[in-house]
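To start, the structure under review is shown below, and the notes come after it.
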Amino acid sequence: MTDAPAPTPTKALDDVVVLFAGDSGDGMQLTGGQFTLATAHARNDLATLPDFPAEIRAPAGTLYGVSGFQLHFGSGSVLTPGDEIDLLVAMNPAALKVHLPRVRAGGAVLVNTNSFGDRDLSLAGYDANPLEDGTLDGYERHDVELTRLTHEALAETGLSKQEMDRAKNMFALGLSLWLYTRPVEPARHWIRSKFEATPDLRDANLRALDKGYHYGDISESFVARYEVAPADLPPGTYRAIRGNEALALGLVAAGAKSGLDVFYGTYPITPASDLLHALAKYKAFGVKTFQAEDEIAAIGSAIGASFGGTLGVTATSGPGMALKGEFLGLATMVELPLVVIDVQRAGPSTGMPTKTEQSDLLMAIYGRNGDTPTPVIAPRTPGECFLAAFHAARIALTYMTPVIVLSDGYLGNGSEPWLVPDADALPDISVSFAETASAALSDAVDPASGKGAFLPYVRDQETLARGWARPGTAGLEHRVGGLEKDARTGGVSYDPENHQRMTETRAEKVARIADAFPPVEVEGDEDGDVLVVGWGSTYGAIKKAVQGARAEGHRVGHIQLRWLNPLSPGLEEAIGRFRHVLVPELNNGQLVRILRERFLVPARSLSKVQGLPFQAREIEAAIYGVMSEG
């Protein structure tokens, strides 16, 4: 009688970084997503970095076709997807070649040995087999015949070879869940739901998942399993959420709080397309979605919806923002509420559609003809995308202006644990429509009728917002269009003094928005050697870098700007308390130019334009470099 294998010992870890990588057809995004879901159920803090191929149909097995999903999870605060990889799951040689340099010394590499044939090696650019030439010396290596083992597990299912191949990612998922003691039931539930209509595929994927999970127990390759304790998160209800999903929920919440329907007009573009998919689920909450024939029609439909009395929203990425520029000027001229979401990607032109960047800041603030002031807000994390969308809608409706939200591919596709907010605690959004042309709206009197005339550009004295009248309301007929408006009647005006007055008023209206902002928050030291100023998705990497520098005894502070136009009050005073200012950005230096222009400070730029987010160690090294200059 053969003795059962001894249980694999379990070791406790504070945090782990796992990367699943393979061909785009290997289901790495799905595998990473399910591992993330299991990690959320395990109550760890987490951050993810999905990395898609830029080519829609890159040749299988090539370096350009590698799809990756990186997940960092821990028992403490997790700020970034991780600088170094603890476990790389490589489904083919190309995935190994692309990502092995990022695996830490002594880290683990799990390879699908069935995919290391001569042709696979040639496609990946290997002259010799890395499994045989010492390439993996110094790593904890796990050779697993994922393809063969999956085929054996599914041999009696009647599935085709191609269908069995597609299930090997479930085998890999099961094994990874076992290795890090993640719950397997969430993945089982997902498979049952996903393949409900195809029982053969449902049962096959469940079998592959379970076989992978149990393979860890019988394999002698693994000397230990690993366990990461739950994070000490504030009490409440959490869910793992991606940035694009959070943007959608923020718009839904704004519609509910304002009492308005939400109209979403868009044209599909990576990485903003998921917003359409997400919002289409909320028809019951007064959300109407419209896929237009192009970017110009998309924003035009949203402006028309706002003219009709709803909350108009559109979203795009960099090239689409360029196309929307003229209509953004129209929305500014007619002064209608509009939310424009830009999920930024690498440019210029079509650039690298699936790679992240922060290259649209200057376009968002300045990129239209004429003086066209537009408020700009940037969320810091995937979860914060909810509040960014909500507050963008609030400002748009309060001040009767378009508002731009600058997200990016890293935020839009990345995920984190999100504390579901109390809907009742969100501020109400006050919206009032003009109902009658009364003396309250106008001091002009029609001599024939003796009634007040509606003057659509008479403004609220606090916000400078003009009146909003639904078309078709008797007595409130008025013109809209791109020509300059008379400061009272809204009629076309070519008067020089009126144009100056209206230009200055539109700028002042946007400037007044800053009155509602709290002063900037300085994290870390309030004064000292270096102040690191960032915006958007660089938040986690900057915060971790600042923590590292402060742990070494340096006085370093950190400001992450949410509002980029207008800038929050107190920024200039905070900058003046530090000897140096460092501005890390995923562009060639855009915010740094604005800070230099506005405050006449010699701010230093740290630029990265590789389609990838910052690593914390890159920023920490730059902090030390700035201090060494005196």
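The residues of the chain are indexed from 1 along the displayed sequence.
Atom CH2 of W190 is separated from atom CG of L206 by 10.5 Å, given to the nearest 0.5 angstrom. Annotation: the span from Y64 atom OH to S24 atom OG amounts to 15.0 Å, rounded to 0.5 Å. Here CD of Q590 is found 10.5 Å from OH of Y366. Values are rounded to the nearest 0.5 Å. Here I365 contributes atom CD1 and D360 contributes atom CG; the two are 11.5 Å apart, rounded to the nearest 0.5 Å. Distance check: F69 CZ to N413 CG gives 9.0 Å after rounding to the nearest 0.5 Å. Here CH2 of W563 is found 4.0 Å from CD1 of I377. Values are rounded to the nearest 0.5 Å.
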Between D342 and Q344, is a side-chain hydrogen bond (donor to acceptor under 3.5 Å, both in side chains) present by the stated rule, with each step listed?
CA-CA 6 Å; D342 179 4; Q344 300 164 95; 5.5 Å; no
Begin from the C-alpha positions of Q560 and W535 and carry the test side-chain hydrogen bond (donor to acceptor under 3.5 Å, both in side chains) through to its verdict.
CA-CA 5 Å; Q560 196 75 7; W535 64 279; over 6 Å; no
One pair to check against ring pair (Phe, Tyr, Trp, His ring centres under 6.0 Å): F35 and F20. What are the steps and the verdict?
CA-CA 10 Å; F35 195 93; F20 300 94; 5.5 Å; yes
If you apply the rule side-chain hydrogen bond (donor to acceptor under 3.5 Å, both in side chains), what do you find for D408 with S537, and how did you get there?
CA-CA 7 Å; D408 60 38; S537 64; 2.5 Å; yes
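Between T310 and K288 there is no side-chain heavy-atom pair separated by less than 4.5 Å. Side-chain contact between V18 and Q70 is absent, with no heavy-atom pair separated by less than 4.5 Å. Taking the side chain as every heavy atom from C-beta outward, L586 and S359 never approach each other to under 4.5 Å.
For the residue pair A302 and L338, the shortest heavy atom distance occurs at CB-CD1, 3.6 Å. Among all heavy-atom pairs drawn from S317 and T270, the shortest one is OG-O, 3.4 Å.
Residues meeting the ring-ring contact (aromatic ring centres under 6.0 Å, His included) test with Y410, sequence neighbours left out: none. Under the side-chain hydrogen bond (donor to acceptor under 3.5 Å, both in side chains) criterion, S67 pairs with Q29, sequence neighbours left out. Under the salt bridge (Lys or Arg N to Asp or Glu O under 4.0 Å) criterion, K257 pairs with D428, sequence neighbours left out. Take W418 and apply the side-chain hydrogen bond (donor to acceptor under 3.5 Å, both in side chains) test, not counting sequence neighbours, and it matches no residue.
Looking at L30, T31, N205 one by one, the single match for side chain to side chain contact (heavy atoms under 4.5 Å, CB included) with L173 turns out to be T31.
Aromatic ring pairs are classed by plane angle as parallel below 30°, tilted from 30° to 60° and perpendicular above 60°; the pair F285 and Y282 is perpendicular.
Within the structure, every pair that satisfies the salt bridge (Lys or Arg N to Asp or Glu O under 4.0 Å) test and touches residues 377-395, not counting sequence neighbours, is listed here: R380-E384, R380-E523, E384-R562.
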Output side-chain donor-acceptor pairs under 3.5 Å for residues 324-332, partner residues at least two apart or in another chain, one line each.
| from | atom 1 | to | atom 2 | distance (Å) |
| --- | --- | --- | --- | --- |
| K324 | NZ | E295 | O | 3.2 |
| K324 | NZ | E295 | OE1 | 3.0 |
| K324 | NZ | T314 | OG1 | 3.0 |
| T332 | OG1 | L328 | O | 3.0 |

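In this structure, S407 contributes its side chain and V343 its backbone to no donor-acceptor pair below 3.5 Å.
Ion pair R188/D210 flagged as a salt bridge, since at least one NZ, NE, NH1 or NH2 atom sits closer than 4.0 Å to an Asp/Glu carboxylate oxygen.
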